[in-house]
**Q** 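So that we are looking at the same thing, I have put the structure below in structure tokens.
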Protein chains: 2
Amino acid sequence: MTAKNDPSRSLALLWGSHTTPGRSGLTVRSIVTAATAIADAEGLAAATMRRVADRLGVGTMSLYTHVPGRAELTELMIDIAYGELYADVDEPAKATGGWREGLRLVGERNWDLYQRHPWLLQATGARPVLGPHATLKYEAELRPLDGIGLTDVQMDSVLTLVLTHVEGVARIQADLARTEDGSGMSDQEWWLSTAPALEKVMDASRFPTASRVGQAAGEHHQASVDPAHAFRFGLARILDGVERLIEEKSPEAGEG
Amino acid sequence: MTAKNDPSRSLALLWGSHTTPGRSGLTVRSIVTAATAIADAEGLAAATMRRVADRLGVGTMSLYTHVPGRAELTELMIDIAYGELYADVDEPAKATGGWREGLRLVGERNWDLYQRHPWLLQATGARPVLGPHATLKYEAELRPLDGIGLTDVQMDSVLTLVLTHVEGVARIQADLARTEDGSGMSDQEWWLSTAPALEKVMDASRFPTASRVGQAAGEHHQASVDPAHAFRFGLARILDGVERLIEEKSPEAGEG
DNA sequence: GGCGGTACCGTACCTTGTACGGTACGAGGT
DNA sequence: ACCTCGTACCGTACAAGGTACGGTACCGCC
């Protein structure tokens with residue numbers, strides 16, 4: 001019994017105590033911390049069971065005493081990381097500037113978190129991690145949207161939109177960083193070394209808009225992509241779109 | 001020489017002919033087609049070199065005669081898939097309804113493509129695939145935004161925003177589908193089997209907004225997440241936000 | 001008819017998660 | 001003080017995947 005997918009097994013692990021040590025001082029907490037440190041520095045793939053165990057000075061299989069498997073370890077890493085987001089559950093709702101600044105704070109904090117822990121992007125999957133910090137995150141992020149005229153379903157949709165945007169742009173950023181230090185070549189270097197070969201093989205006159213816009217964007221960002229700019233530009237558009245949705249619902253508010 | 005990263009190696013492969021056969025009839029095209037078929041059905045991870053070779057009735061290592069490695073095979077798969085997007089390069093620009101409907105078409109077509117080829121989400125990385133179809137895609141998707149008052153940089157930013165949104169939501173959808181038929185459990189089943197255990201371990205009164213909104217959203221979508229709804233809701237907000245950006249730039253256009 | 005290039009492929013190595021079965025530590029009872 | 005038993009710890013082994021290496025055999029050309 002206690003099958004691998006048993007939901008209560010995972011939940012008990014997530015919500016339980018992580019600090020009761022075994023004989024050698026090994027705890028769930030120390031395992032998660034070690035795995036996170038490796039993943040921060042070298043990506044989720046580098047945080048193998050062997051690497052984590054080595055870092056802790058224990059045998060690989062010892063980890064399995066505290067954690068059912070790699071999947072569950074990853075869930076723990078995610079939930080613990082979410083704990084870094086907000087000082088308290090009301091932080092976004094207390095932002096001066098109303099729902100708009102609150103939602104912007106949510107975006108920024110998630111963005112910052114992805115900068116610190118890019119592996120989160122490779123780790124989060126279909127099913128939400130129902131740990132204590134994940135739950136608190138959802139609560140904290142919904143509060144600034146409460147009582148401003150949106151339905152409950154719309155509140156959820158708006159938050160999902162913002163979080164999806166942050167995640168998407170952060171993923172581009174993380175892929176970029178990973179590729180750059182995997183290949184030892186910056187985005188700009190890569191482009192400079194690729195462009196001449198590309199010109200040889202493609203006929204730019206067939207792609208006039210792409211050539212013009214691509215060139216302009218490349219020069220403006222000094223790179224082929226600029227995730228930080230995409231984040232801010234996109235967030236601004238999205239907040240404007242949400243504002244319009246709210247205005248539509250309370251037309252009498254006018255433009256006061 | 002002809003190092004693994006040699007950009008002109010990749011480019012020549014992408015832009016070259018894929019239909020000149022070897023002794024056993026093996027071609028780049030047939031390899032890509034086989035790999036795509038497997039990936040469509042079972043995910044990118046299932047399209048291993050061994051599986052692809054088996055499907056073609058050749059030895060595993062024979063693939064390496066035509067394709068330098070798995071990474072390059074994946075690039076080819078991506079570029080070929082992009083070829084399915086538009087009937088011709090002016091299709092989005094010709095949409096009735098101006099830039100807004102053109103951009104919506106771009107969103108919908110990319111969404112549909114991700115439905116057909118979910119592995120694209122696992123395959124696309126930091127650096128764009130500079131193949132012929134990828135280039136044509138960029139050209140086609142920029143055209144509806146040309147000449148409506150946006151700067152070149154803004155055109156690129158708006159397109160990036162829409163594509164990032166589609167990708168993000170499609171990724172949620174794909175993760176969900178993969179998890180569902182990996183575990184043989186639907187999202188709803190998973191939730192029904194998890195919720196009771198969750199209630200035991202978490203105190204709902206600490207998370208009033210999350211509980212209320214989560215419940216409302218869950219009931220409305222009949223699932224814990226609804227990617228199709230997120231796609232449409234988000235796209236509508238984004239298009240509204242872009243509209244406001246365009247209006248700001250030509251204030252005299254007023255609200256006529 | 002012979003020769004050279006290249007398409008094809010069998011074998012082997014390395015890496016990762018984890019099943020399995022053993023070992024040994026330490027707490028509790030006598 | 002000693003024995004016992006639960007469980008923390010871990011060594012070994014296996015399967016799967018990418019691909020390096022070195023061979024084999026086919027085809028076109030002289």
Side-chain angles (χ1 to χ4, degrees), chain A residues 1-6 9-10 13 16-31 34-35 38-39 42-77 119 122-123 125 182, chain B residues 1-6 9-10 13 16-31 34-35 38-39 42-77 119 122-123 125 182:
Chain A
M1 272 300 107
T2 64
K4 223 37 184 322
N5 309 353
D6 185 0
R9 176 94 158 90
S10 275
L13 191 63
S17 164
H18 303 152
T19 53
T20 54
R23 284 212 291 277
S24 63
L26 208 53
T27 63
V28 171
R29 172 59 54 105
S30 68
I31 293 173
I38 296 170
E42 301 173 50
L44 189 65
T48 66
M49 299 304 264
R50 278 168 240 258
R51 278 289 303 279
V52 173
D54 278 358
R55 173 179 263 257
L56 293 167
V58 301
T60 308
M61 293 312 291
S62 304
L63 303 181
Y64 287 87
T65 302
H66 301 268
V67 155
R70 188 172 208 250
E72 290 80 0
L73 172 55
T74 306
E75 288 194 347
L76 282 162
M77 292 169 67
W119 52 265
Q122 305 162 251
Chain B
M1 274 298 109
T2 64
K4 222 39 182 320
N5 312 352
D6 185 359
R9 177 92 157 91
S10 274
L13 191 62
S17 164
H18 302 151
T19 52
T20 54
R23 284 213 292 277
S24 63
L26 209 53
T27 64
V28 171
R29 171 61 52 107
S30 68
I31 293 173
I38 296 170
E42 300 173 50
L44 189 64
T48 66
M49 299 305 263
R50 279 168 239 256
R51 278 290 303 279
V52 173
D54 278 357
R55 172 178 263 258
L56 292 167
V58 300
T60 308
M61 293 313 289
S62 302
L63 303 181
Y64 286 86
T65 302
H66 302 269
V67 155
R70 188 173 208 247
E72 290 81 359
L73 173 54
T74 305
E75 288 194 346
L76 282 162
M77 292 169 66
W119 51 265
Q122 303 162 252

**Q** Would you say a side-chain N or O of B:S62 is under 4.0 Å from OP1 or OP2 of C:dC9?
**A**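 Result: yes.
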**Q** Per the side chain to side chain contact (heavy atoms under 4.5 Å, CB included) rule, which among B:V58, B:L26, B:T65 passes with B:I31?
**A**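 Among B:V58, B:L26, B:T65, the one meeting side chain to side chain contact (heavy atoms under 4.5 Å, CB included) with B:I31 is B:L26.
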**Q** Can you tell me the distance, in whole Å, between the CG atom of A:L73 and the C1' atom of C:dT16?
**A**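 Rounding to the nearest Å, CG of A:L73 and C1' of C:dT16 are 14 Å apart.
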**Q** Sequence neighbours left out, what passes salt bridge (charged side-chain N to carboxylate O under 4.0 Å, His left out) with A:R70? Give chain and number order.
**A**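 Residues passing salt bridge (charged side-chain N to carboxylate O under 4.0 Å, His left out) with A:R70: none at all.
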**Q** What's the CZ-C1' distance between A:R70 and C:dT16, to the nearest Å?
**A**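 It is 9 Å, rounded to the nearest whole Å.
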**Q** Counting just side-chain N and O atoms, does A:R50 come under 4.0 Å of either OP1 or OP2 of C:dT16?
**A**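 False: A:R50 side-chain N/O out of range (4.0 Å or more) of C:dT16 OP1/OP2.
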**Q** Starting at atom CD1 of A:I31, determine the distance to atom P of C:dT18, rounded to an integer number of angstrom.
**A**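 Value for this atom pair: 13 Å.
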**Q** State the CG-CG distance between A:L56 and A:L63, to the nearest 0.5 angstrom.
**A**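 It is 7.0 Å, given to the nearest 0.5 Å.
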**Q** Contact class for A:T65 (heavy atom, under 4.0 Å): base, sugar-phosphate, or nothing?
**A**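 Base, at least one base atom sits under 4.0 Å.
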**Q** Starting at atom CG of B:L26, determine the distance to atom P of C:dC9, rounded to an integer number of angstrom.
**A**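 For the pair B:L26 CG and C:dC9 P, the rounded distance is 8 Å.
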**Q** Expressed in angstrom and rounded to an integer, what is the separation of B:R51 atom CZ from D:dA15 atom P?
**A**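 Between P of D:dA15 and CZ of B:R51: 19 Å.
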**Q** Taking atom P of D:dG17 as reference, at what distance in whole Å does atom CG of B:L44 sit?
**A**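 Answer to the nearest Å: 13 Å.
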**Q** Could you tell me the separation between the OG1 atom of A:T48 and the CG atom of A:D54, rounded to the nearest 0.5 Å?
**A**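 Output value for this atom pair is 7.5 Å.
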**Q** Could you tell me whether the phosphate oxygens of D:dC10, OP1 or OP2, come under 4.0 Å of any side-chain nitrogen or oxygen in A:T60?
**A**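 For D:dC10, OP1/OP2 do not have a side-chain N/O of A:T60 under 4.0 Å.
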**Q** A:M61 has a side chain; which of D:dT12, C:dG17, D:dG18 sits nearest to it?
**A**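 In terms of side-chain proximity for A:M61, the closest of D:dT12, C:dG17, D:dG18 is D:dT12.
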**Q** Starting at atom CG of B:L63, determine the distance to atom C1' of D:dA20, rounded to an integer number of angstrom.
**A**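 One finds 15 Å between C1' of D:dA20 and CG of B:L63, rounded.
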**Q** Both B:A46 and A:V58 contact DNA chain D. Which one's nearest nucleotide lies toward the 5' end?
**A**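 Per heavy-atom nearest nucleotide, the more 5' residue is A:V58.
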**Q** Rounded to the nearest 0.5 Å, what separates atom CG in A:L13 from atom NE2 in A:H66?
**A**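 A:L13 CG to A:H66 NE2: 11.5 Å, rounded to 0.5 Å.
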**Q** From CG of B:D54 over to P of D:dA16, roughly how many Å is that when rounded to an integer?
**A**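 It works out to 12 Å between those atoms.
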**Q** Among D:dG17, C:dG17, C:dC8, which nucleotide has an atom closest to any side-chain atom of B:H66?
**A**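 Selected nucleotide: C:dC8.
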